[in-house]
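Keep in mind that the numbers below use all heavy atoms, side chains included, and drop hydrogens, waters and symmetry copies. Since the structure is predicted, the reported quantities are computational estimates derived from the model, not experimental observations.
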Amino acid sequence: QVQLVESGGGSVQPGGSLRLSCAASEYIGGGFCVAWFRQSPGRERLRVAALPMGGGAPDYLSSVKGRFTISRDSAKTTVSLQMNNLKPEDTAVYYCAAGRSVGSYCYGGDSYYSLWGQGTQVTVSS
């Protein structure tokens, strides 16, 4: 079974940047999406960004549009999330996940994603 491992979390001041990486143990190709979710205490897990691995535009949570960018390497084994202009409300545990797509459509709900990483903490605080 494919395994996902996140890295790159940490603490940063408001306005700072972090880059998260999700390394897959095997190639993830078309027919799948890789997404980043985040969850803070007492709140539901939200999809922050998603990328259809077979091609197509990424999709972002409205509150991160223009600040976060999801991308993949050419080998399709690493998906990254570049986070700029971070805000305290971005503080959460961030998870990468993989699930099947419908064409280039990536589902929003976490129940559609069957593979999950262990999560990495992102803290934005002055």
Side-chain angles (χ1 to χ4, degrees):
Q1 186 174 359
V2 177
Q3 294 184 327
L4 304 176
V5 178
E6 301 102 336
S7 61
S11 296
V12 66
Q13 292 186 340
S17 297
L18 284 174
R19 186 177 181 87
L20 305 182
S21 292
C22 174
S25 59
E26 298 177 19
Y27 169 85
I28 300 177
F32 287 86
C33 289
V34 174
W36 286 93
F37 286 79
R38 69 185 183 191
Q39 188 170 27
S40 51
R43 304 192 71 175
E44 65 178 334
R45 187 158 53 183
L46 288 177
R47 197 193 74 180
V48 174
L51 187 66
M53 300 300 280
D59 191 37
Y60 297 95
L61 184 68
S62 59
S63 62
V64 308
K65 281 183 180 178
R67 300 188 298 123
F68 290 13
T69 303
I70 188 171
S71 62
R72 67 184 181 204
D73 68 345
S74 58
K76 295 186 180 180
T77 57
T78 300
V79 174
S80 298
L81 184 69
Q82 178 67 41
M83 305 186 295
N84 298 327
N85 190 23
L86 282 160
K87 303 177 180 181
E89 52 263 41
D90 295 319
T91 296
V93 178
Y94 283 71
Y95 300 89
C96 73
R100 291 196 176 273
S101 65
V102 178
S104 62
Y105 174 77
C106 296
Y107 289 102
D110 58 3
S111 62
Y112 291 94
Y113 295 80
S114 56
L115 298 174
W116 291 84
Q118 80 284 0
T120 185
Q121 176 70 45
V122 170
T123 302
V124 185
S125 174
S126 55

*Asks:* Report yes if some heavy atom in the side chain of Leu4 is under 4.5 Å from a heavy atom in the side chain of Ile28; otherwise report no.
*Replies:*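 Leu4 vs Ile28: side chains touch.
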*Asks:* Show your working on side chain to side chain contact (heavy atoms under 4.5 Å, CB included) between Tyr113 and Arg47 and close with a plain yes or no.
*Replies:* CA-CA 11 Å; Tyr113 295 80; Arg47 197 193 74 180; 3.9 Å; yes
*Asks:* Please report the interatomic distance CG(Leu86) to OG(Ser125), rounded to the nearest 0.5 Å.
*Replies:*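 Leu86 CG to Ser125 OG: 12.0 Å, rounded to 0.5 Å.
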*Asks:* Is a side-chain N or O of Ser25 found less than 3.5 angstrom from the main chain of Gln3, in a donor-acceptor match?
*Replies:*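 A pair under 3.5 Å: yes.
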*Asks:* Do other residues, nucleotides or ligands put more than 12 heavy atoms under 6.0 Å from the OH atom of Tyr112?
*Replies:*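 Open: at most 12 neighbouring heavy atoms sit under 6.0 Å from OH of Tyr112.
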*Asks:* Determine whether a donor-acceptor pair (N or O, by modelled atom type, separation under 3.5 Å) exists between the side chain of Asn84 and the backbone of Ser17.
*Replies:*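 Judged by distance alone, no pair lies under 3.5 Å.
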*Asks:* Could you tell me if the side chain of Asp110 sits less than 4.5 Å from the side chain of Glu44, heavy atoms only?
*Replies:*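 In short, these two side chains do not touch, never coming nearer than 4.5 Å.
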*Asks:* If I compare all heavy atoms of Ala92 with all of Ser40, which pair ends up nearest, and what's the gap?
*Replies:*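 Reported closest heavy-atom pair: CB-N, 4.0 Å.
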*Asks:* Just so I know, are the side chains of Tyr107 and Cys33 near enough to count as touching, which here means a heavy-atom distance under 4.5 Å?
*Replies:*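 No, every pair of side-chain atoms sits at 4.5 Å or beyond.
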*Asks:* Measure the spacing between CZ of Phe32 and CE of Met53 and express it to the nearest 0.5 Å.
*Replies:*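 Separation between the atoms: 10.5 Å.
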*Asks:* Under 4.5 Å between any side-chain heavy atoms of Thr120 and Leu20, yes or no?
*Replies:*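 Yes, at least one pair of side-chain atoms sits under 4.5 Å.
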*Asks:* If you define the side chain from C-beta out and look only at heavy atoms, does anything of Tyr94 sit under 4.5 Å from Met83?
*Replies:*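 Yes; the side chains approach each other to less than 4.5 Å.
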*Asks:* Does the side chain of Arg38 reach to within under 4.5 Å of the side chain of Leu81, using non-hydrogen atoms?
*Replies:*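 Of all side-chain heavy-atom pairs linking Leu81 with Arg38, none is under 4.5 Å.
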*Asks:* Over all heavy atoms of both residues, which pair between Gly103 and Ser101 is shortest? Give the atoms and the distance, please.
*Replies:*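 That would be O-OG, 3.0 Å.
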*Asks:* Mind checking the SG-CD spacing from Cys22 to Glu6? Nearest 0.5 Å is all I need.
*Replies:*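 Output value for this atom pair is 5.5 Å.
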*Asks:* Quick check with a 6.0 Å cut-off and a 45 degree axis cone: is Arg45 positioned over the face of Tyr95's six-membered ring?
*Replies:*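 Yes, Arg45 and Tyr95 form such a contact.
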*Asks:* Does any N or O in the side chain of Gln82 come within less than 3.5 Å of the main-chain N or O of Arg19, such that one atom is a donor and the other an acceptor?
*Replies:*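 Side chain of Gln82 to backbone of Arg19: no pair is present.
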*Asks:* Under the criterion side chain to side chain contact (heavy atoms under 4.5 Å, CB included), I'd like the reasoning laid out for Val122 against Thr91: C-alpha separation, chi angles, the key distance, then a yes or no.
*Replies:* CA-CA 5 Å; Val122 170; Thr91 296; 5.9 Å; no
*Asks:* Nearest 0.5 Å please: distance from the OG atom of Ser63 over to the CD atom of Glu89.
*Replies:*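 The CD atom of Glu89 is 8.0 Å from OG of Ser63, to the nearest 0.5 Å.
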*Asks:* Minimum heavy-atom separation for Ser104 and Gly55, please, with both atom names.
*Replies:*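 For Ser104 and Gly55, the tightest heavy-atom pair comes out as CB-O, 3.5 Å.
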*Asks:* Would you say Arg72 and Leu51 make side-chain contact, with heavy atoms under 4.5 Å?
*Replies:*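 Arg72 reaches Leu51 side chain to side chain.
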*Asks:* Begin with the C-alpha distance, continue with both residues' side-chain angles, and end with the deciding distance and a verdict on side chain to side chain contact (heavy atoms under 4.5 Å, CB included) for Glu26 and Gln1.
*Replies:* CA-CA 9 Å; Glu26 298 177 19; Gln1 186 174 359; over 6 Å; no
*Asks:* Once rounded to the nearest 0.5 Å, what's the spacing between atom CZ of Phe68 and atom OG of Ser80?
*Replies:*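 Answer rounded to 0.5 Å: 13.5 Å.
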*Asks:* Side-chain heavy atoms under 4.5 angstrom apart, residues restricted to Ile, Leu, Val, Met, Phe, Trp, Tyr: same cluster for Tyr60 and Val124?
*Replies:*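 Tyr60 clusters together with Val124.
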*Asks:* Quick one: are the ring centres of Phe37 and Trp116 less than 6.0 Å apart?
*Replies:*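 Yes, close enough.
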*Asks:* Could you please spell out the steps behind the side chain to side chain contact (heavy atoms under 4.5 Å, CB included) verdict for Ile70 and Val79?
*Replies:* CA-CA 7 Å; Ile70 188 171; Val79 174; 3.7 Å; yes
